[in-house]
Amino acid sequence: MKKSIILIGFILSFLATQAQEIKLDKTSFNALDLTYPGLEQVNKLVNNGDYEKAAQQLLQYYRNRTKVKLTEYNPDDKIRYIGKQLPEATMEKADKALLHQFQPHKGYGYFDYGKDINWQLWPVKDNEVRWQLHRVYWWQSMGLAYWSTGDEKYAKEWVFQFRDWVRKNPLGLSADNDMYAWRPLEISERVQSLPGTFNMFLYSPSFTPQFLLEFLNSYNEQASYIQAHYSTVGNHLLFEAQRVVTAGCFFPELKNAESWRKSGVSVLNREITKQVYPDGMQFELSPNYHNAAIDIFLNALRTTQLAGEEDDFPASYKKTVENMILATINFSFPDYTFPMFGDSWLANKQAMLKEYQPWAAAFPDNQVIRYFATDHQQGSAPSYLSHALTTAGFYTFRNSWENNATVMVLKASPPGEFHAQPDNGTFELWVKGRDFTPDAGVYVYSGDSAINKLRESYRQTRVHQTLTLDDQNMVITKAALNKWETGKDLDVLTYTNPSYKNLDHKRSVLFIDQKYFVIIDQAIGNATGNLGIHFQLKEDSQPVFDTKSNSVHTSYTDGNNLLIQSLTGKLKEEPGKVSYAYRTEVPRPAFVFEKPKADDKPQYFISVVYPYDGLKAPEISLQENKGSNLEKGQLDMTITINGKKKVIATQLN
Ligand code: CA
């Protein structure tokens, strides 16, 4: 019995191998425009019915082709990789791929997909794990390993895996499989990376004439599918359009190539005006996706330039991308990190410096972009400090562009798309190299109900630094700007957010003497319940809670500390956590100042957010003066810091 099962298994696997070798015929060349310059010989052979020779000739054509250039991984890049040691992670991906151990998503480890690869395996019920398997990220690592070592095993295995993927994931296999293997975003990832992989393996003996046609036909099907099934979601659509442009420029010999390029270009030209606000922010309001959108727009521009088709994009397109980069500069901290608003992760300086290189190359005359691309070595800092992106609702208070700066970025925005959260009013405060109040982050996307619950916990309004009513999520709506005024000693922001039914949250932030902040929160409307103003600190801040002064201060031994104190409301500790990367989280301190709202009378909170140098927290007291009338927007208060009084009297709106 056992023997016969083994025998059947052997026969099946033999048949599977046979099935991979599809016999060439005239239709094998259907995707190609055989009148394309350089394909004269191929055309002749196809017309004569000599398909094997035609395929050989076609492979020869691609191996000799020099005029098509990618932004990276062109055949002549190989010389830089021969014998060069690759990063350990790249080699690990390549070597584990030989064993069919793949890492579909960087938030998880490697999973074994079996000797006979199971492309439907779903080891963790996070949708991204199943989606991103079909991005086949490790193929390019295999290509790099092949360039570096010259070991044919990588080429042989890649050809095997490409065929295996094509054979086991035909479009229409099942609705379930199509949803993952044929989601346009995933296809676009393949369409984007396959040209580089193609260049890496093209000269290998495993890359046969027969395989070339299988490759081209599959690529043709994939790129065409995207063009016919663009996403409606913001950044997905941008990615797809840009990658279809790549497809069109890389395989001009395919009949559909021009149509791909033109379609991608037209989507990008349309979407750049739709998805980018006049202030330069991409409308999903996530700093990470905003930067990705810059890369997308520039990549498409560069790709068409390399193909000699730069007229595809008008001057206004370039101007918008330049504005987007300036928006990034505005919401960034001096160490190149930026708030983790919406679906965002902690950035790092080295990666951002790398990201700035093509940005600076695209805009060589922009001295501000140059300043950030060269780590402040060349060019010049912006001429302004505090600056608002008023359509996107990103307000930056800043006293310097250098590492000793105090920078607060506050978000009070219109509704974003999928990647935005119900967080209007929240902010990150960065002082002298320390982000005191990092946003909770995102932690995870979507999946089964357990995963979705985790995502929801990070999206909650109450884990953001803003006002809640009964700890509920605010409705996602547009914050209205009442005032934004910058000056030497005082910057003032006031906006109103219709956070709940019958409850407006009016928040004013004052940046005083370029040193500290006073935040006035008004809850206006006839809704009743428990009001809370929430704060969250960095995980290592070891805060001291003082219920007597209604204050909390950090205990950093380097003396770079922060005190948060409220004139009103009752201080209460809350559970807190922060996620700097996908599927990683750490507990962190959090607290709230609470007070009831029992009737339609407006309630307000006045808080001071005070960065200071030293190990001893300053003694601060706040007092509202007689002339103060917050309902009319007139603030008149005295703040006493270590015995020194200062009167702050200003119009809030
Ligand atoms: Ca958040």
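Only a predicted model underlies this, so the values are computations on that prediction, with no experimental measurement involved. Values reported hereafter were calculated over all heavy atoms of this structure, with side chains retained and with hydrogens, waters and symmetry mates removed. Just follow the structure's listing: the first ligand is 1, and inside any ligand the first atom is 1.
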TODO: Ignoring hydrogens and angles, state whether a donor on the side chain of Thr494 or Asn653 is under 3.5 Å from an acceptor on the partner side chain.
DONE: no

Open item on the list: Tell me how many protein N, O or S atoms are within a distance shorter than 3.0 Å of the Ca ion (ligand 1).
Closed with: 4

Task: Side chains of Asn288 and Ser286, donor plus acceptor under 3.5 Å - done: no

- [ ] Compute the centroid of each ring, for Tyr395 and then for Tyr495, and state whether the two points are separated by less than 6.0 Å.
- [x] no

Task: Exercise: identify the closest heavy-atom pair between Pro602 and Ile524 - done: CB-CG1, 4.4 Å

Task: Short N-O contact, Arg130 and Asp176, less than 4.0 angstrom - done: yes

Open item on the list: Check for me whether the distance between the ring centres of Phe593 and Phe605 falls short of 6.0 Å.
Closed with: no

